[in-house]
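A quick write-up on the structure given underneath.
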Amino acid sequence: GPSHVSGSRRRRRRRTMLCFATDKTRRLPVRIIEVSPRDGLQHEAIFVPTARKIDLINALSHSGVTEIEAGSFVSPTAIPQLADSDEVFRAIDRQPGVTYSALVPNERGLERARAAAVQKIAVFTAASNSFTRHNIKATVQESLVRFTPVIHGAKRDGMLVRGYISTALWCPYEGRIAPKLTVDVMRRLLDLGVDDISLGDTIGRASPADIRGLLDAVMPHIEPTRLSLHVHDTYGMAVANVLTAWEDYAITAFDCSAGGLGGCPYAPGASGNVATEDVVFALKASGATVAVDEELIVDCARQLSAVIGHPLHSRLSQISRPRIGQPALKV
Ligand code: MG
């Protein structure tokens, strides 16, 4: 009957709208942005010795990840865990094909990043005013004003700039965030000259349905290759969210942390960032091209766990190697 016809027409139209990914885009290599040296270590109670940080970054450099967030040029009193970023950047062995980035909150931080020959900086804001007020003592608008000279200065010096948008889906204070708010912030960052955008599910509350709602709104405004998804695994949905973004929206860059190191002080019980090794395993198992050696990442995670003195909870690091259907690796 007529209701059946209009129903199928509606479904057809919906499918057309969602056609952001194709077989061709699914063959594009996936890029992993490894954030454990910054986003991971800054949430640890202890100061990890500089030499251990350098070892970690050097080991990660050989795993196949395309970008490593190696440090942060925020005030050392605010984040003492990363007070040695200048020294770290000077000492690491930079591998060709790997971009080493750092978080930069202001012009003083940009000065330090420049002195340390940082190739790419990251500025951070959010989609929710309550979150930026708590986190950086500014409204979203004020944070953008603050970053403007930083972004322009970095671009002038030939650095790349990434823009983090925290609480892109859920906020610990405001609950669900309307996709339009995230799109507005993203467009303003792009207008300021930011090269790529990282959309953060800061409290790890988003479901694949939430990811679809956001990406339906975001994708008309940005090339998929300039987008990265930064998910946390609080409710166990992080890997599902990554697969949804890759399979349905041609997102090919993901922020991950070895062992799932990291957390969010604003989300009670928040587990860390999604684990790099779990993301790589899931994407490869789904047919994606990912040039990252997940076993090397597991080794990094185990070393990291020994240094910080507590276990990490990635799935892959807890599975003995022969049980995942692979031949036993050399030890
Ligand atoms: Mg994170």
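We count residues from 1, following the sequence as given. Just so it is clear, the model here is predicted, and its values are computed rather than measured. One-based numbering, in listed order, for ligands and for the atoms of each. Just so it is clear, the values below take in all heavy atoms, side chains as well, and ignore hydrogens, waters and symmetry mates.
Asp39 has its closest N, O or S atom to the Mg ion (ligand 1) at the position named OD2. His230 contributes atom NE2 as its closest N/O/S atom to the Mg ion (ligand 1).
Taking the ring axis of Tyr235 as reference, the NZ or CZ atom of Arg205 stays within 45° of it and closer than 6.0 Å to the ring centre.
Not one N, O or S atom of Asp255 sits under 2.8 Å from the Mg ion (ligand 1). Between the Mg ion (ligand 1) and Thr202 there is no N/O/S contact shorter than 2.8 Å.
Taking a 6.0 Å sphere around CG of Asp191, one finds it holds more than 12 heavy atoms contributed by other residues, nucleotides or ligands.
Residues Ala115 and Arg90 approach most closely at O-NH1, 4.2 Å, considering heavy atoms. Taking every heavy atom of both residues into account, Leu304 and Ser36 meet most closely at CD2-CB, 4.3 Å.
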